[in-house]
Amino acid sequence: MTTAVSRKASHSMALVALFAALMAVMGLIPKIDLPLGVPITLQSLGVMLAGCLLGARLGFQAIALFLLAVAAGLPLLAGGRGGLGVFMAPSAGYLLGYALAAGVTGALMRLLPQGQPLRTAISAFIASALGGLVFLHAMGIAGLVLLAKMPLEKAFFADLVFVPGDLVKCLLCAVVVHTVAKAMPHWPFGGRER
């Protein structure tokens, strides 16, 4: 029994570390700077993938580990940014929302129907759109209002520039989930036990 528990814990730790590293790799892709102080990056796709593939708990842990490394000063965010200062910038709402959005995405993925690869991919798109887009953008808008002192209406409309790209990321997440579901039909999407 102890061996099975330790094997499962080791497997979980490896997945958490792997997805934290995936977030760091996605940070190597150049960012696109916008005037409002929040760049367009690929890292929100990592948030969606962590939630859909790992589930709420492990997805949250993976992104929290990544953010802890960023806070410690490692330049893992797109554009080589890191340190505590990034959590005081206009984009801080999005950054602080990353781990929570991975958790929300994972919880939704667990609740949505799964089974055939196409059904699982559609569920991943919905979970990503609600957790990795709607929830994450709400956190980002809150950050713009609180840290950039932007009026709510202006922050909402400024945030809309990210929606088309993030919908594409939701689609990419669904494609990855579809591929994993075909190759590994017993994968526990959303942390669901098989």
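Just the heavy atoms: all of them, side chains too, but no hydrogens, waters or symmetry mates, feed the values below.
The two residues R81 and S91 come nearest to each other via the heavy atoms NH1-OG, 4.0 Å. Between M150 and A155, the shortest heavy-atom distance links the atoms SD-CA, 3.5 Å. Across all their heavy atoms, V134 and L130 have their closest contact at CB-O, 3.4 Å.
Between F156 and V145 there is no side-chain heavy-atom pair separated by less than 4.5 Å. Residues L67 and I63 form a side-chain contact, since some pair of their non-hydrogen atoms from C-beta on lies under 4.5 Å apart.
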Requested in this report: Please assess V177 against W187 for the test side chain to side chain contact (heavy atoms under 4.5 Å, CB included), listing each intermediate value before the final yes or no.
Outcome: CA-CA 10 Å; V177 165; W187 185 272; over 6 Å; no
Query raised in the report: Do V176 and L172 pass the side chain to side chain contact (heavy atoms under 4.5 Å, CB included) test, and can you show the C-alpha distance, the side-chain angles, and the key distance before you say yes or no?
Result: CA-CA 6 Å; V176 170; L172 287 173; 5.6 Å; no
Query - L95 and F66: CA distance, side-chain angles, deciding distance, side chain to side chain contact (heavy atoms under 4.5 Å, CB included) verdict - result: CA-CA 10 Å; L95 294 179; F66 168 77; 6.0 Å; no
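A distance of 11.0 Å separates OG in S10 from CG in L15, rounded to the nearest 0.5 Å. For the atom pair OG1 of T120 and NE2 of H178, the computed distance is 8.5 Å after rounding to the nearest 0.5 Å. Once rounded to the nearest 0.5 Å, the distance linking CG of L152 with CZ of F157 reads 10.0 Å. Here F162 contributes atom CZ and L136 contributes atom CG; the two are 10.0 Å apart, rounded to the nearest 0.5 Å. For the atom pair CE (M26) and CG (L42), the distance works out to 5.0 Å, reported to the nearest 0.5 Å. One finds the CZ atom of F60 at 11.5 Å from the CG atom of L65 (value rounded to the nearest 0.5 Å).
Residues L68 and Y94 are members of separate hydrophobic clusters, defined by side-chain heavy-atom contacts under 4.5 angstrom among Ile, Leu, Val, Met, Phe, Trp and Tyr. Residue L147 is not grouped with residue V86 when hydrophobic side chains (ILVMFWY) are merged at heavy-atom distances under 4.5 angstrom, including chains of intermediate members.
By the side chain to side chain contact (heavy atoms under 4.5 Å, CB included) test, A69 is found to be paired with L74, L76, residues two or more places apart in sequence or in another chain being considered. Scored by the side chain to side chain contact (heavy atoms under 4.5 Å, CB included) test, L84 finds A71 as partners (sequence neighbours excluded).
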Donor-acceptor contacts under 3.5 Å from residues 17-24 side chains, at least two apart:
none

Considering only distance and modelled atom types, tabulate donor-acceptor pairs under 3.5 Å from the side chains of residues 99-112, sequence neighbours left out.
unit_1: T105; atom_1: OG1; unit_2: A101; atom_2: O; d: 2.8
unit_1: T105; atom_1: OG1; unit_2: G132; atom_2: N; d: 3.2
unit_1: R110; atom_1: NH1; unit_2: G191; atom_2: O; d: 2.9

Without placing hydrogens or testing angles, list every side-chain donor-acceptor pair under 3.5 Å for residues 44-54, not counting sequence neighbours.
unit_1: S44; atom_1: OG; unit_2: D166; atom_2: OD1; d: 3.4
unit_1: S44; atom_1: OG; unit_2: K169; atom_2: NZ; d: 2.9

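Counting heavy-atom neighbours within 6.0 Å of M88 CE, excluding the residue itself, gives a total of 12 or less.
Within the structure, the side chain to side chain donor-acceptor pair (under 3.5 Å) test picks out no pair touching residues 56-68 (sequence neighbours left out).
The residue from I126, L133, V175 that alone fulfils the side chain to side chain contact (heavy atoms under 4.5 Å, CB included) condition with C170 is L133.
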